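Here's the structure we're looking at; comments come further down.
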Protein chains: 2
Amino acid sequence: MSGMSYRHPERDQIRVDGVLSALGNPLRLSVVRLLDGGGDHNCTSVLNTLGVTAKSTMTHHWRVLRESGVIRQRPSGRENLLTLRREDLDARYPGLLDAILAGARADES
Amino acid sequence: MSGMSYRHPERDQIRVDGVLSALGNPLRLSVVRLLDGGGDHNCTSVLNTLGVTAKSTMTHHWRVLRESGVIRQRPSGRENLLTLRREDLDARYPGLLDAILAGARADES
DNA sequence: ACCTCCGTACGTAGACATTCGAACTATCGC
DNA sequence: GCGATAGTTCGAATGTCTACGTACGGAGGT
C-alpha cells in the first residue's frame, strides 16, 4: 500500500490571511520561490537547498504551507513530493502569487 | 510645537515578508481595508469601526503596520492620522496590494 | 490653571511560533 | 530479514504575538 495522504483545504476553503501569514515567514517564502522555479522536489532536497538543519523543523513548515493551501504534499514511495498549488491560488487570488514572487525577487536587489 | 513623528521605513527599505506578515493578521488586514476605503481616519475611529476594546492593543498593531511600511502615521493636534502607503507599495510591489484587497473581499462571499 | 480627549509606554498574562533532538513508522534495496 | 533512507510525531525550550489594564504625556477647550 502507498502512504497515507494529508488533509489539504479545497480551493474555496483557502483564506487570504492564511496565505499571507504562511508566506510572511522568510523560510516558507524561500520554499515557495524554490517550488515555483520548477523541477521535482521532496522534503530533503528543499531542506538541503535552503540549508536547514533539522527535518522536524521543516515538517512544521510543510504543515503551515499545506493547511493554508499554498502547497500540496503527495507521498510517493518513501518520499514526499511537494508542489506549489499555483492553479488554485491563481484562480482564487489572481495576481497575488506573481506579485509576491516578484516582490521577493525585488527585495534581493 | 506639533507632536513627535514616528520612524517609517523608506520605500526601498520595505520588505515583502514584512508586509505579508503584517497583513497576515485578520485585524490588521481589516484596518488596511478600511483605510483603502478612503476618508479621514484617526486611531479611535478605526478602533470604534472595528469594535476593538483596548486602545493599547491597537497601538501595537499601528507599530507593526508602520514598521512594515504599510501605513503612515502622522500626528496632527492631539490626533494621530492614519493613511495607507498605497503609492509606495504600488511602486515597490505592483499589483500586490490590489490582489490582497481583492482576495479579502473574495473571502467574504 | 484645570479638565477632558487622544494616543503611547509599560508591565503582564496567555496563546502561538519556531527550532531542535530523539524515538518512531514506512519504504526501498540487498 | 537487515540496514539504510525519507519523513513524521512527540516533547521541550525558547522566543514572539496578541490583548488588556494602568499610568503617563501632549494638545485643546474653558
Side-chain angles (χ1 to χ4, degrees), chain A residues 1-8 15 17-32 34-35 40-68 70-83, chain B residues 1-8 15 17-32 34-35 40-68 70-83:
Chain A
M1 261 308 266
S2 210
M4 265 264 294
S5 210
Y6 299 94
R7 269 207 316 265
H8 295 76
R15 293 292 171 265
D17 59 324
V19 173
L20 298 181
S21 174
L23 270 46
N25 177 289
L27 182 52
R28 289 193 292 262
L29 185 54
S30 301
V31 169
V32 169
L34 188 58
L35 294 184
D40 288 347
H41 297 281
N42 59 26
C43 297
T44 308
S45 76
V46 174
L47 183 137
N48 288 334
T49 304
L50 299 181
V52 178
T53 57
K55 289 189 199 174
S56 50
T57 297
M58 291 314 290
T59 299
H60 160 70
H61 291 299
W62 304 139
R63 187 175 44 182
V64 175
L65 288 168
R66 174 167 29 86
E67 293 184 348
S68 63
V70 174
I71 67 168
R72 206 175 280 281
Q73 223 172 344
R74 184 167 52 85
S76 162
R78 62 182 150 178
E79 297 184 352
N80 217 325
L81 301 181
L82 304 164
T83 52
Chain B
M1 261 306 265
S2 209
M4 265 266 293
S5 210
Y6 300 94
R7 269 207 317 265
H8 295 76
R15 292 292 170 266
D17 59 324
V19 173
L20 298 181
S21 173
L23 270 46
N25 176 289
L27 182 52
R28 288 193 292 262
L29 186 54
S30 301
V31 169
V32 169
L34 187 58
L35 294 184
D40 288 346
H41 297 281
N42 59 26
C43 296
T44 308
S45 75
V46 174
L47 182 136
N48 289 332
T49 305
L50 299 181
V52 177
T53 57
K55 288 189 200 175
S56 50
T57 296
M58 290 315 289
T59 299
H60 160 69
H61 290 300
W62 303 140
R63 189 176 48 194
V64 175
L65 288 168
R66 174 167 30 85
E67 293 185 349
S68 63
V70 174
I71 67 168
R72 205 175 280 281
Q73 223 171 345
R74 183 167 53 85
S76 164
R78 61 181 150 179
E79 297 185 353
N80 217 325
L81 301 182
L82 305 164
T83 52

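The structure presented is a predicted model; accordingly, all values stated were derived computationally and were not measured. Residue numbers begin at 1 in each chain, while the letters A, B, ... track the order of the sequences.
A close approach under 4.0 Å does not occur between any side-chain nitrogen or oxygen of A:T57 and OP1 or OP2 of C:dT19. Between C:dT8 and B:Y6, a contact under 4.0 Å exists linking OP1 or OP2 to a side-chain N or O. For D:dT18, one of the phosphate oxygens OP1 or OP2 lies less than 4.0 angstrom from a side-chain nitrogen or oxygen of B:N25.
At whole-Å resolution of the value, CG in A:L29 and P in C:dT18 are 13 Å apart. When rounded to the nearest whole Å, the span between CZ of B:R66 and P of C:dG7 equals 13 Å. One can place NE2 of A:H61 at 8 Å from C1' of C:dT19, the figure rounded to the nearest angstrom. The CG-C1' distance, from A:L47 to C:dC20, rounds to 13 Å in whole Å. Counting to the nearest Å, the P atom of C:dT8 and the CD atom of B:E67 are 12 Å from each other. As rounded to whole Å, 16 Å separates atom P of C:dG21 from atom NE2 of A:H60. Between the CE atom of A:M58 and the P atom of C:dT19 there is a distance of 9 Å, rounded to whole Å. At whole-Å resolution of the value, CH2 in A:W62 and P in D:dT9 are 14 Å apart.
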Inset, instruction - Start with the C-alpha distance between A:Q73 and A:R7, add both sets of side-chain angles, then the distance that settles side chain to side chain contact (heavy atoms under 4.5 Å, CB included), and finish with yes or no. - result: CA-CA 9 Å; A:Q73 223 172 344; A:R7 269 207 316 265; over 6 Å; no
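The residue among A:A54 and B:K55 whose nearest nucleotide of DNA chain C is located toward the 5' end is B:K55. Each of A:R78 and A:R28 has a nearest nucleotide on DNA chain C; the 5'-most of these lies closest to A:R28. Along DNA chain D, the nucleotide closest to A:E79 and the one closest to A:R63 are compared, and the more 5′ of them pairs with A:E79.
Just one of A:T53, A:L27, A:T44 meets the side-chain contact (heavy atoms from CB on, under 4.5 Å) condition when paired with A:M58; it is A:L27. B:L65 pairs with exactly one of B:N25, B:L23, B:L35, B:L82 by the side-chain contact (heavy atoms from CB on, under 4.5 Å) rule, that one being B:L23.
Between the side chain of A:R28 and the backbone N or O of A:A22, at least one donor-acceptor pair lies under 3.5 Å.
A donor-acceptor contact under 3.5 Å links the side chain of A:S56 to the base of C:dG21.
Annotation for A:R15: atom CZ counts as buried by contact number, over 12 foreign heavy atoms lying within 6.0 Å.
With C:dT8, D:dA19, D:dT8 as the choices, the nucleotide that has an atom nearest any side-chain atom of A:Q73 turns out to be D:dT8. Nearest nucleotide to the A:T44 side chain, out of C:dT8, C:dT18, D:dA6: D:dA6.
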